[in-house]
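Here's the structure, in structure tokens; my notes come after.
For the single chain, residues carry numbers from 1 onward in sequence order.
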Amino acid sequence: MTLKLRPLHDRVVVKRIESETKTASGIVIPDAATEKPDQGEVLAVGPGRRGEDGKLVAMDVKVGDRVLFGKYSGQTVKVDGQELLVMKEDDLFAVVEK
């Protein structure tokens, strides 16, 4: 998939990873009762931000990383019918190690 968004500065484009809709015992959770997941996959990263000295500070995340972020983080955008989030790298809490 080629992404038609190129984030600027220290922004990242994240696709939410949908949570399970069944419990371990097999009970189906209705869509109305589920919360939006706070995990996603990084699809694109910007070049980084400029430090106070004017030098480029590289990003800590890369394409393909699974990340944690706040429930209300980022700006939702739709690209080719797909809902994505654009947020600053500072809005990310952690990278989930595999």
Side-chain angles (χ1 to χ4, degrees):
M1 171 183 119
T2 57
L3 189 61
K4 295 179 181 177
L5 284 179
R6 182 175 53 91
L8 301 175
H9 310 292
D10 62 338
R11 288 184 171 73
V12 296
V13 177
V14 176
K15 178 181 177 185
R16 287 186 192 272
I17 297 174
E18 295 304 321
S19 59
E20 292 293 321
T21 57
K22 277 188 181 179
T23 64
S25 60
I27 298 172
V28 177
I29 303 168
D31 288 340
T34 60
E35 293 183 4
K36 287 189 174 183
D38 54 0
Q39 272 192 56
E41 179 185 353
V42 176
L43 300 181
V45 297
R49 63 178 170 80
R50 297 264 172 209
E52 289 187 21
D53 58 359
K55 293 183 181 176
L56 192 64
V57 178
M59 301 284 277
D60 287 327
V61 296
K62 61 187 182 308
V63 173
D65 280 349
R66 180 177 267 200
V67 293
L68 299 177
F69 50 87
K71 205 173 290 200
Y72 304 106
S73 296
Q75 178 66 43
T76 303
V77 294
K78 263 198 169 171
V79 178
D80 294 334
Q82 189 174 27
E83 199 171 279
L84 305 173
L85 290 166
V86 178
M87 64 183 75
K88 287 187 161 237
E89 185 182 35
D90 288 347
D91 291 339
L92 301 175
F93 298 146
V95 174
V96 179
E97 297 293 336
K98 296 176 185 175

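For the pair Gly40 and Val14, the tightest heavy-atom approach, listed with the atom from each and the gap, is CA-CG1, 3.7 Å. Closest heavy-atom contact between Val63 and Ala44: CG2-CA, 3.9 Å. Contact between Phe69 and Gln39 at its shortest, heavy atoms only, is CE2-C, 3.5 Å. Leu56 and Arg50 get closest at one heavy-atom pair: N-NH1, 3.6 Å.
Between Asp38 and Lys71, every side-chain heavy-atom pair lies at or beyond the 4.5 Å cut-off. In this structure the side chain of Leu85 never reaches within 4.5 angstrom of the side chain of Gln75, judged on heavy atoms.
Transitive grouping of hydrophobic side chains (ILVMFWY, heavy atoms separated by less than 4.5 Å) keeps Val96 and Val67 in distinct clusters. When the side chains of ILVMFWY residues are joined at heavy-atom separations under 4.5 Å, either directly or via intervening members, Val95 and Val42 end up in a single hydrophobic cluster. Cluster annotation: Phe93 is not connected to Val61 through the hydrophobic network of ILVMFWY side chains, with a link wherever side-chain heavy atoms come within less than 4.5 Å.
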Give the intermediate values and the outcome of side chain to side chain contact (heavy atoms under 4.5 Å, CB included) for residues Asp65 and Glu41.
CA-CA 6 Å; Asp65 280 349; Glu41 179 185 353; over 6 Å; no
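A salt bridge (charged side-chain N to carboxylate O under 4.0 Å, His left out) check over residues 84-93, counting only residues at least two apart or in different chains, returns the pairs Asp10-Lys88.
Rounded to the nearest 0.5 Å, atoms CE (Met87) and CG (Leu92) are 6.0 Å apart. For the atom pair CG (Leu5) and CZ (Arg11), the distance works out to 12.5 Å, reported to the nearest 0.5 Å.
Between the side chain of Asp53 and the main chain of Lys55, a donor-acceptor pair closer than 3.5 Å is present.
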